[in-house]
Asker: 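My questions all concern the structure below.
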Amino acid sequence: MSAEIYSWPYANEIGDEEIVTSDVLVLGGGLAGCFAAIAAARKGKSVVLVEKGAVERSGSAGTGFDHWESACTNPCSGVTPEEIAEAYVHEQDWYSNGIAHYIECREGYDRLLDLESFGGKVRDTGDEFQGAEFRDEKTKLMFAYDYKNKFTLRVWGTTFKPALARELKRLGVKVYERTEATALLTAVKDGKKEGAGACGMDVHTGKFYIFRSKATILTMSRPARVWLFNPDLVGLCEFRPMQSIGSGHAMGWRAGVEFTMMEKSVRAEFSGAGRSFPAYGTGNNHNTWYAATMVDARGVEIPYVDRDGNELKTVSERYYPAQGQKFFLKGGVIDNPKYEYRGPETLDFEELIRRGYQLPFYADLSRMPEDERRVIWGMMVGEEAKTRIPILENYTERGFDPEKDMLQSYGTGWQSASFLDQERQFFGAPGGIMHDWDLMTNIEGVYAAGDQLYASDCAGFACATGYYAGRKAADCASDHELEDFSREEADREKERLYAPLYVKDGTNWKELNMAISKAMQNYCGGVKCEDLLKEGLDLLESYEREVVPTLSCANPHDLMRTHEVLDILTVAQLVLHACLRRRSSSQPLCFQRSDYPQMDPEGERRHIVIRQEDGQVRERSVPLDFFGNLQEEYERRNQDYMGEVSHEKA
């Protein structure tokens, strides 16, 4: 048998270098990155956007999403931005991002209108759901969850990334696609560290880039594949796309950016790494499927109850607050809300078993009104995440008919599985970059938005904070000169990036990812203690010394995957350092230490903020309410934007 000959289809530019200059540099081309670039370009700045994939379908929203939360200023809303932002803060016991949530609540609907003007589909313009209870006939907006207060919109999210890509082109944003950002460049001015741009590499050709800028915005993904990895199902290891693994966090940590709440992780909710079916592909009544009718093995309907335990008799009642309740919270970061914000839900699993309901359970859409059935199966399932092809199209082609068929439920909730406590993920408002009211980090001129922020949320959060950071970065660029970058720093990064190309028959990136995940399960699982965490750090440092120099790859794409795992290794170390510094257990942080079992002692209720400097971890404390009065602080800093919005609406 003759050996198969494989030819790399792109030019070989390994070692080649190009310097690119702009006023504002945006790293990451997801929702937050696109809106950051649009905001800066609207202010007349030259903007460069660097994206590892293709902007039209890149990022967590590349395959779509089905609902837009916290659109508090839409014309049908029954709540104020202050009410919902403060509810998110209180719901999470103040381990929350009041600044970013308020920006989301205050500006999120503005960004939705932007998307509509770019060509995204926001309304039921085809009157497909005319007369439905969740549709406003005047505006043709459609709502999810709370039909009384109407602050969560159902949207056609598959149309949004192509619309954003077109707008970037129209505005003249210079987009570098198939180019990974790998390191921040910094300079020291008057004894203070400032941003100077970033380094990157073309993942097709291997060309090395130095991006110089007056202001830089980090808009990349939250970390993933830290605890969970399956080399045979790489694309299903996490809910988000496989390329979204937290490189921006790793870049920030190496450069000295501050982080908080990185000790927070939750028992896994979805992963194809051995336990779960594809998300939204089994019968459930959460998130995208809310509030589907559920039945037991006998076909007996499972009751929904309000927060007070009152059984709800109709499907319609599942979408309204309880008597005496202003509104309820569903979706996004909310899994088990406090009494004040708890919405209608099926009876607890234990209570169902006690009452004699029999497993397995099923989602039975055939028992729902036609509009509710069609909006779940065909819009929500179809627009959300990876559901259009593997779930909606695949199941339909194989004969699934929601008018007569049921889907079995596995595990609990939408995740379709039951995970072990050491199998963890960054869901539910995880940790991230610490920032001020301008969304600027501790490094002057370096901003963050979207999933890079601590306690990040969903699509509206990403779009609103991205646009906000873009405005602030543009203003910064107006007041700053272009800083010189360190040639030595850039050369070190170039050498680091190319090193695996010159190792023959070495270690594959999948092997290192497996080792990191197993280490984190063993030493940073559900229950933590100092000795375990320190042993975990020692093990990861041994990987850095002994395994990283042996990493080997054959082409720039494989090299990109190797860089991702190096970033996962950095993030894992960051997590362990954060866990060591919280010397108590914490319920809202899903954090348990056997050597510090006291739960949320008053003296430990704080943001522990850490950064790396000269190889040492520095720590400081920040009060949980450091952001002050949300409305007052926002309006004091955003009079220009408020004036623009008022003028547009006049």
Side-chain angles (χ1 to χ4, degrees), residues 66-67 91 132-134 143-150 152 154 269 277 279-332 334-381 384 400-418:
D66 60 5
H67 67 280
E91 168 57 35
E133 189 174 2
F134 49 77
F143 301 95
Y145 304 140
D146 186 338
Y147 289 180
K148 176 186 176 183
N149 292 287
K150 298 180 172 66
T152 300
R154 302 183 198 260
E269 296 184 2
F277 292 89
Y280 310 111
T282 62
N284 65 90
N285 66 330
H286 290 258
N287 203 0
T288 286
W289 282 75
Y290 188 80
T293 294
M294 304 295 295
V295 301
D296 77 351
R298 302 164 300 171
V300 177
E301 191 165 319
I302 293 171
Y304 275 77
V305 295
D306 66 14
R307 65 173 183 174
D308 297 309
N310 299 311
E311 188 170 327
L312 305 176
K313 303 298 183 182
T314 67
V315 171
S316 176
E317 290 177 294
R318 302 171 190 173
Y319 298 98
Y320 289 87
Q323 186 175 358
Q325 185 180 29
K326 175 66 188 294
F327 58 84
F328 63 84
L329 298 176
K330 283 283 182 185
I334 305 299
D335 281 332
N336 297 295
K338 299 184 188 318
Y339 173 78
E340 184 178 356
Y341 309 116
R342 190 180 308 154
E345 188 55 85
T346 49
L347 282 172
D348 289 339
F349 180 82
E350 291 76 12
E351 178 62 16
L352 290 172
I353 299 303
R354 190 188 70 79
R355 293 190 185 187
Y357 287 88
Q358 296 179 14
L359 293 171
F361 297 154
Y362 298 84
D364 187 355
L365 299 181
S366 71
R367 302 193 188 194
M368 301 189 77
E370 182 184 3
D371 286 332
E372 295 289 354
R373 177 173 63 250
R374 288 193 303 116
V375 84
I376 290 176
W377 188 265
M379 181 182 173
M380 306 298 275
V381 177
E384 171 67 8
F400 175 75
D401 183 351
E403 292 189 28
K404 61 182 182 180
D405 297 323
M406 302 186 299
L407 279 183
Q408 189 172 329
S409 177
Y410 304 87
T412 58
W414 69 278
Q415 64 265 33
S416 307
S418 296

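Remember, predicted model here, so these are calculated numbers, not experimental data.
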Asker: Between D348 and R354, is there a side-chain heavy-atom distance shorter than 4.5 Å?
Answerer: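 They are not in contact (no side-chain heavy atoms under 4.5 Å apart), so the answer is no.
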Asker: Would you say that W289 contacts W377 through its side chain, given a criterion of any heavy-atom pair below 4.5 Å between the two side chains?
Answerer: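 Yes, at least one pair of side-chain atoms sits under 4.5 Å.
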Asker: For a 4.5 angstrom cut-off between non-hydrogen side-chain atoms, does N285 reach F361?
Answerer: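 The answer is no; the side chains never approach within 4.5 Å.
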Asker: Dump the intermediate steps for side chain to side chain contact (heavy atoms under 4.5 Å, CB included) on M368 and I376, then the final yes or no.
Answerer: CA-CA 10 Å; M368 301 189 77; I376 290 176; 4.0 Å; yes
Asker: Output the distance between atom CG (L312) and atom OH (Y304), rounded to the nearest 0.5 Å.
Answerer: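 Nearest 0.5 Å value for the CG-OH distance: 9.5 Å.
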Asker: Find out whether the Lys NZ or Arg CZ of R154 is both under 6.0 angstrom from the six-membered ring centre of F134 and within 45° of the ring's axis.
Answerer: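 Pair R154/F134 counts as cation-pi.
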Asker: OH of Y320 to CG of N149: how many Å apart, nearest 0.5 Å?
Answerer: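 The distance works out to 10.5 Å.
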Asker: Do N287 and M380 come within less than 4.5 Å of each other through their side chains, counting heavy atoms only?
Answerer: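 Side-chain contact under 4.5 Å: no.
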Asker: Please lay out, stage by stage, how Y357 and T346 fare under the test side chain to side chain contact (heavy atoms under 4.5 Å, CB included).
Answerer: CA-CA 12 Å; Y357 287 88; T346 49; over 6 Å; no
Asker: Using 30° and 60° as the class limits, which term best fits the ring planes of Y147 and Y319: parallel, tilted or perpendicular?
Answerer: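 Parallel: the ring planes of Y147 and Y319 meet at under 30°.
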Asker: If you take all heavy atoms of G283 and A363, which pair is closest and at what distance?
Answerer: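 Taking G283 first and A363 second, the nearest heavy atoms are CA-CB, 3.5 Å.
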Asker: Closer than 3.5 angstrom, by distance alone: can the side chain of Y290 be matched with the main-chain N or O of R318 as a donor-acceptor pair?
Answerer: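 It does hold such a pair.
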Asker: Show the numbers, then the answer: is there a side chain to side chain contact (heavy atoms under 4.5 Å, CB included) between F349 and L359?
Answerer: CA-CA 10 Å; F349 180 82; L359 293 171; 3.9 Å; yes
Asker: Rounded to the nearest 0.5 Å, how far apart are CD of Q408 and CZ of F277?
Answerer: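 CZ of F277 is found 8.0 Å from CD of Q408.
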Asker: If you look at every heavy atom in M294 and S409, which pair is closest and at what distance?
Answerer: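 Here M294 and S409 meet closest at CE-CB, 4.2 Å.
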Asker: Working note: D146 + T152, criterion side chain to side chain contact (heavy atoms under 4.5 Å, CB included); need CA distance, chi angles, decisive distance, verdict.
Answerer: CA-CA 7 Å; D146 186 338; T152 300; over 6 Å; no
Asker: Under a 4.0 Å threshold between the charged nitrogen and the carboxylate oxygen, would R374 count as salt-bridged to E370?
Answerer: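 Answer for the salt bridge query: yes.
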Asker: Any sub-3.5 Å donor-acceptor pair from E91's side-chain atoms to K338's backbone N or O?
Answerer: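 Side chain of E91 to backbone of K338, a donor-acceptor pair under 3.5 Å: yes, one is there.
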Asker: Check the surroundings of atom CD in Q323: do more than 12 heavy atoms from other residues, nucleotides or ligands lie under 6.0 Å from it?
Answerer: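 Counting neighbours around CD of Q323, 12 or fewer heavy atoms of other residues, nucleotides or ligands fall under 6.0 Å, so no.
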Asker: Closest approach of L347 and L352, non-hydrogen atoms and distance?
Answerer: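 Where L347 meets L352 most closely, the heavy atoms are O-CD1, 3.5 Å.
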Asker: Any chance you could measure D401, atom CG, to L365, atom CG, to the nearest 0.5 Å?
Answerer: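 Result: 10.5 Å between the selected atoms.
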Asker: Apply side-chain hydrogen bond (donor to acceptor under 3.5 Å, both in side chains) to the pair E384 and Y280, showing each step before the final yes or no.
Answerer: CA-CA 9 Å; E384 171 67 8; Y280 310 111; 3.1 Å; yes
Asker: To the nearest 0.5 Å, what is the distance between CZ on R342 and NZ on K330?
Answerer: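 NZ of K330 is found 9.5 Å from CZ of R342.
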Asker: Donor-acceptor pair, D306 side chain versus D308 backbone, under 3.5 Å?
Answerer: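 Yes, because the side chain of D306 sits within donor-acceptor range (under 3.5 Å) of the backbone of D308.
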Asker: If you measure only the distance, is there a donor-acceptor pair under 3.5 Å linking the side chains of Y410 and N284?
Answerer: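 No, no side-chain donor-acceptor pair sits under 3.5 Å.
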Asker: On the 0 to 90° scale, with breaks at 30° and 60°, tag the H67-Y145 ring pair as parallel, tilted or perpendicular.
Answerer: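 The arrangement is perpendicular - the two ring planes meet at more than 60°.
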Asker: With distance as the sole test, does E133 use its side chain to make a donor-acceptor pair with the main-chain N or O of E372 at under 3.5 Å?
Answerer: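 Side chain of E133 to backbone of E372: no pair is present.
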Asker: For Q325 and E340, indicate whether the former's side chain and the latter's backbone hold a donor-acceptor pair under 3.5 Å.
Answerer: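 Yes: the side chain of Q325 pairs with the backbone of E340.
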Asker: Is the closest basic N to carboxylate O distance between R355 and E351 below 4.0 Å?
Answerer: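 Salt bridge between R355 and E351, a charged N being under 4.0 Å from a carboxylate O: yes.
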Asker: Looking at R373 and P402, what are the two nearest heavy atoms and their distance?
Answerer: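 In this case the closest contact between R373 and P402 is CD-O, 3.3 Å.
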